Amino acid sequence: MTCADGRGAGRRRLRRALLLGPLLVLLLLGGAGPASAHAALRTTDPEDGAVLKSAPRVLTLTFTESVGLLDDSFRVLDPDGRRLRTGEPEHGPDGADTARVNLPEGLEQGTYTVAWRVVSADSHPVSGAFTFSVGKATVTASAAVITGPTEDPVTKALHTIARYLAYLAVALLIGTGTFVAVCRPSRVTVLHSLLRTSWWALLAATLVLLVLRAPYETGEGPLGAFDADGAVRTLTGRPGLVLLARLALLLAAGAYLLRLSRQRRRYGWTGAALAVGLVMTWAAGEHASAGIQVPVAMTSSALHLLATAVWLGGLAALLVTLYRADLSAEAVRRFSRLAFVSVTVLVVTGVYQSWRGLGGWDALADTTYGRLLAIKLMAVVVLLAAAAVSRRWTALQTTTAVDRAQTAVPAETAVRDKVTVGAGGSQPSAPEPPDEPSAPVPPAEETPDPAHRRSLRRSVLTEVAVGAAVLAVTTLLTSTLPGRAEAEAATAAPAVVGASVTDVPFDVGTPGGRGTVQITIDPARVGDNSIEALVYGSDGGVSTVPELRISFTHPAQDIGPLDAGLTDRGGYWGNSFLNLPVAGTWEMKVTVRTSDVDQISETRTITVH
């Protein structure tokens, strides 16, 4: 194989390696489920499933963190599924972690559905729904309205891809610049194209995130970006201001890179300040900006991303240089030391961020955030193993280069002495000019062993591939509810108890005397409940019976039997005010009469909370 063929094959391998990152993220993100945001719902007033004697005038939601409100943060649907006209959403008197809205007067009896959507402090939207009833619980058409997706899948997918590309681009931009400044490769022209590509990619990804911000918050399709009110909200809200700051820093970084490339100067403190400013925009817009210990968390997050960029972006620059240009062993040694410092910072900040996000060891296995973090930790272990292999090849390459230089220098001296002394002995004679000029012997660091160089390429390629996967998991982590917030919400929120549904089969022993009674008690709590009973025949269709009676007994408290007071409501039997005075296990006796002489009683137990 010729040298040109070797270089061509190397370039093809490099292109495949650089394409591996996007492929990995598509595989990882394609199988990911919906992600939650940092803020979690703590309580609702009225409570979910509550049956109220009088209509409320205000709805109030309380969250674990501060939230931002949208024009459409509340959608309240009446029992027929029609949307009510409500007031403007606002924060409650208790602070920015509450959201409230005024309801119209004169709400009719029935079950109401509340669909809500807010933006958490770390810029991710969070949504949900709950129900409450006035007077009695009814079968509502609202459920069909809220069962669909809460956000447009196209907008979500585009936003997620843009966030990943932003992570990838900032790592390449900062890492390549640091590699040039610290490692000082002899040829930097080959890295200028990588710097330009990463700068343009980060600029494009940031613009996409800014344009999609409004529809991402509201859950609309991408065309929602053209809404004027949404654009104003984006440009005046904190997430939008963070993205605008990133754009300003990018423009300054572009001017700085252009000036340096024209003047052929090294990167200095101005570049370092711009790098720190860029990573701070991530710290200000992600999980670190909300929760506990915000100043420490933002500092740790910025250092973590900066170390990631220096390490993984520097690896990409090293890989490009290994394939496209000569690289001294001294430059490789410098990057090895730089990578060691970066890994140390990553470990320290990573331990702190894991503790802050998890809150406890149980969350590592019991929450989505914990499982993603475990995947990331395993990938980092693989990455560190590949880095250890790279350090070994770096040491071997350097040692071989020094040994070759030490053998090359005496040989050059012997040739010079031979030419000086000449065949006659004592008098020097002019040497014959060689047919071709002799190439100077390169210094030790410029003569790496080809075998070690190929091995170093392979190990660095592995690091780049695994690093792309780590960035993909990091993208998912930043949009997933941390385990600490999930545990806090579960502890603070009261247990949500839904309706109790019990099927009671019966058979009176006569033709057509078989069937099932389906009994629904809502909300199955102490106090007033609504009870509805449907009788199904043996063919599975709704059946009518002359009489249906249900009574309740609490043996432990010696209460009952309490008659449910059912009345025939034309197709079903019911009562809106069944009072069950104490919690615990109740015996429910169901008596079905199918004719003047045929009836049967069955007993089941239910739990009242």
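Computation of the quantities below employed the complete heavy-atom set of this structure, encompassing side-chain atoms and omitting hydrogens, waters and symmetry-equivalent molecules. Note that the structure is a prediction, hence the values are computed from the model and not measured.
Two residues are said to be in side-chain contact when any heavy atoms from C-beta on lie closer than 4.5 Å; Leu209 and Arg213 fail this criterion. For the pair Val590 and Phe506, the minimum side-chain heavy-atom distance is 4.5 Å or more. A heavy-atom distance below 4.5 Å is found between the side chains of Leu59 and Phe132. Residues Gln599 and Thr591 meet the side-chain proximity criterion, which asks for heavy atoms closer than 4.5 Å. Contact of the Val118 side chain with the Leu69 side chain is registered, since non-hydrogen atoms from C-beta on lie closer than 4.5 Å.
Taking CG of Asp528 as the reference point, atom CZ of Phe577 lies at 6.5 Å (rounded to 0.5 Å). The OG1 atom of Thr567 sits 8.0 Å away from the OH atom of Tyr572 when rounded to the nearest 0.5 Å. Taking CE of Met298 as the start and CE of Met280 as the end, the distance is 4.0 Å to the nearest 0.5 Å. The CG atom of Asp72 lies 12.0 Å from the CG atom of Asp229; values are rounded to the nearest 0.5 Å.
Remark: side-chain polar atoms of Ser300 are not paired, donor with acceptor, to backbone N or O of Val296 under 3.5 angstrom. In terms of modelled atom types and a separation under 3.5 Å, the side chain of Thr131 and the main chain of Tyr112 share no donor-acceptor contact.
Geometrically, Arg246 engages Trp282 in a cation-pi contact defined by less than 6.0 Å to the ring centre and at most 45° from the axis.
Contacts of Arg514 classified as side chain to side chain contact (heavy atoms under 4.5 Å, CB included), with partners at least two apart in sequence or in another chain: Asp507, Ser538.
Taking the six-membered ring where the residue is Trp, Phe552 and Trp586 present perpendicular rings, their angle passing 60° and hence far from 30°.
Among Asp48, Leu61, Thr62, the one residue that satisfies the side chain to side chain contact (heavy atoms under 4.5 Å, CB included) test with Thr43 is Thr62.
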